[in-house]
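These notes are about the structure you will find just below.
Chain identifiers are assigned alphabetically (A, B, ...) following the order of the sequence lines, protein sequences preceding nucleic acid strands; residue numbering begins at 1 within each chain.
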Amino acid sequence: MPELPEVETVVRTVAPRLRGRRLLEVRCFTKKAWAGSVVKAAGQTVRDVRRYGKYILLDLDRGLLAIHLGMTGKLLTGAAKGPYTRAVLVCDGAAVCFEDVRQFGSVRWLAGEPGGLGPDALAITSEEFLQRLGKKQARLKALLLNQSFIRGVGNIYADESLFRAGLHPLALAARLSKPRALRLHGAIVEVLSEAVAKGGSSISDYVDADGQPGWFQLEHRVYQRTGEPCLACGSPIRRILVAQRSTHYCPRCQRR
DNA sequence: CTTAATGTTCCCCA
DNA sequence: TTGGGGAACATTAA
């Protein structure tokens with residue numbers, strides 16, 4: 001569920017429930033290592049709720065809570081504790097459950113801003129994108145997935161952005177012409193913006209904090225469309241593995 | 001029974 | 001130093 005558009009949508013829906021409220025306590029129902037750190041959030045007021053790449057950040061009086069949804073994480077308001085509830089943020093008057101079937105997600109207290117990630121995929125300028133891209137020998141698909149390069153893009157939006165830019169996922173970044181690199185930047189911003197506007201992609205069971213699904217999955221042109229005809233040229237969509245992840249592309253629209 | 005799934009991290013090798 | 005491949009983490013669904 002969680003790439004930039006989904007996380008952005010969760011932030012927008014959960015923020016009104018948490019902003020300005022005091023966290024009476026944070027309860028954890030997991031033996032994951034992160035569970036130990038969240039006690040420091042107890043008693044603090046949530047000053048702001050914002051997105052940082054794929055993280056949901058709650059600014060507290062001291063430090064912050066960094067929530068990562070992993071593959072199957074959800075934040076749900078007004079939900080009862082279930083078998084996959086890994087943590088509950090208890091506020092006066094409201095509770096937010098962190099559900100996570102596969103347990104790749106986390107909730108941890110940080111003393112300060114998380115670092116080490118590249119510029120946000122929706123905020124990076126074309127100039128900076130070009131400059132960073134030109135230094136990399138990596139394949140485009142691998143680069144887009146690398147949060148140190150730009151933060152926020154995951155497997156769905158990497159494939160959709162490359163299709164929209166007409167670029168092969170295995171193309172080498174440093175060898176892209178300037179016009180093609182600019183096209184890629186534009187495609188990323190377009191795809192992510194449209195996905196945010198549609199509330200993200202609900203491909204398995206993603207829902208926002210109010211339990212509402214997104215609709216951008218209806219706009220996917222290559223992701224999980226293996227063998228289906230390209231909506232632009234009719235060629236069967238191909239699936240390969242890049243950086244250990246399923247990668248979908250049109251062999252005719254996205255030449256090497 | 002096998003495979004794949006929206007993610008990240010760590011180890012090994014070239 | 002950089003990048004690729006593979007494994008690990010944990011669980012469900014087809």
Side-chain angles (χ1 to χ4, degrees), chain A residues 1-11 29-35 51-56 66-75 82-87 98-108 110 114-118 121 132-162 169-175 188 191-192 195-196 198-209 213-227 237-248:
Chain A
M1 63 175 288
E3 295 181 40
L4 186 154
E6 292 76 34
V7 176
E8 178 66 28
T9 304
V10 170
V11 163
F29 309 94
T30 174
K31 288 174 181 171
K32 290 281 179 182
W34 53 261
R51 181 182 63 75
Y52 181 87
K54 299 178 190 173
Y55 287 88
I56 298 157
I67 302 170
H68 198 293
L69 300 175
M71 289 279 253
T72 54
K74 307 176 189 181
L75 283 188
Y84 305 118
T85 305
R86 311 301 179 185
F98 172 59
E99 312 275 325
D100 188 14
V101 172
R102 287 175 68 184
Q103 306 191 74
F104 291 167
S106 59
V107 182
R108 43 171 53 102
L110 302 177
L117 300 188
R132 294 176 72 84
L133 203 68
K135 299 175 187 163
K136 296 294 186 178
Q137 298 301 314
R139 317 276 177 182
L140 291 180
K141 176 66 186 279
L143 251 199
L144 295 184
L145 292 179
N146 185 346
Q147 304 300 295
S148 302
F149 178 66
I150 52 171
R151 71 176 113 106
V153 175
N155 211 32
I156 297 174
Y157 299 103
D159 283 3
E160 293 299 321
S161 298
L162 286 169
L170 292 178
L172 297 178
R175 296 180 55 179
I188 292 168
V191 167
L192 293 176
V196 168
K198 301 230 170 186
S201 302
S202 288
I203 62 160
S204 75
D205 64 347
Y206 159 73
V207 289
D208 66 21
W215 301 105
F216 193 72
Q217 69 277 8
L218 301 177
E219 311 293 325
H220 291 177
R221 301 188 194 166
V222 287
Y223 184 75
Q224 288 193 339
R225 292 194 65 243
T226 310
I237 298 302
R238 202 169 282 178
R239 173 184 179 274
I240 58 174
L241 272 187
V242 183
Q244 312 290 98
R245 308 297 300 279
S246 276
T247 296
H248 316 78

Using salt bridge (charged side-chain N to carboxylate O under 4.0 Å, His left out) as the criterion, list what pairs up with A:Lys198, not counting sequence neighbours. A:Glu219
Would you tell me if any nitrogen or oxygen in the side chain of A:Arg239 comes within less than 4.0 Å of OP1 or OP2 on B:dA5? yes
Under the salt bridge (charged side-chain N to carboxylate O under 4.0 Å, His left out) rule, collect the residues that match up with A:Glu99, sequence neighbours excluded. none
Tell me, please, which residues at least two apart from A:His68 pass ring pair (Phe, Tyr, Trp, His ring centres under 6.0 Å). A:Tyr55
With a 4.5 Å heavy-atom cut-off, do A:Ile156 and A:Phe216 have their side chains touching? no
Take nucleotides 9-14 of chain C nucleotide by nucleotide from the 5' end and write B, S or -, depending on whether a protein heavy atom sits under 4.0 Å from the base, only from the sugar-phosphate, or from neither. BBBS--
Are any protein N/O atoms closer than 3.5 Å to N/O atoms in nucleotides 4-8 of chain C? If there are, list each pair with its distance.
residue, atom, partner, partner atom, Å
C:dG4, OP1, A:Arg139, N, 3.2
C:dG6, N7, A:Gln244, NE2, 3.3

Sequence-distant partners of A:Arg239, side chain to side chain donor-acceptor pair (under 3.5 Å), two or more places apart: A:Ser246
Counting C-beta onward and ignoring hydrogens, is there a side-chain heavy-atom pair between A:Tyr157 and A:Glu6 closer than 4.5 Å? yes
Just to verify, what does A:Arg225 make a salt bridge (charged side-chain N to carboxylate O under 4.0 Å, His left out) with, not counting sequence neighbours? A:Glu228
Strictly by salt bridge (Lys or Arg N to Asp or Glu O under 4.0 Å), give each pair with a member in residues 136-148 of chain A just once, sequence neighbours left out. A:Lys141-A:Asp159
With a 4.5 Å cut-off on side-chain heavy atoms, are A:Ile240 and A:Leu170 touching? yes
side-chain N/O A:His68 vs B:dG7 OP1/OP2, d < 4.0 Å: no
Interatomic distance at C1', B:dA5 relative to C:dG4, whole Å: 22 Å
Side chain to side chain contact (heavy atoms under 4.5 Å, CB included) partners for A:Gln147, two or more places apart: A:Lys54, A:Leu117, A:Arg151
Do A:Leu69 and A:Ile56 have side chains that get closer than 4.5 Å, going by heavy atoms? yes
Looking at A:Lys54, does any N or O in its side chain come under 4.0 Å of the phosphate oxygens OP1/OP2 on B:dG7? yes
Which value, in whole Å, describes the distance between the P atoms of nucleotides C:dA10 and B:dC10? 16 Å
Go through the structure and list residues passing side chain to side chain contact (heavy atoms under 4.5 Å, CB included) with A:Ala121, not counting sequence neighbours. A:Leu4, A:Ile150, A:Val153, A:Ile188, A:Leu192
What base-paired stems does DNA chain B take part in, with at least 3 consecutive Watson-Crick or G-U wobble pairs and both distances under 3.5 Å? B:2-5 with C:11-14, B:7-14 with C:2-9
Between the protein and nucleotides 10-12 of chain B, list every N/O to N/O distance that falls short of 3.5 Å.
none

Is it the case that more than 12 heavy atoms not belonging to A:Arg132 sit under 6.0 Å from its CZ atom? yes
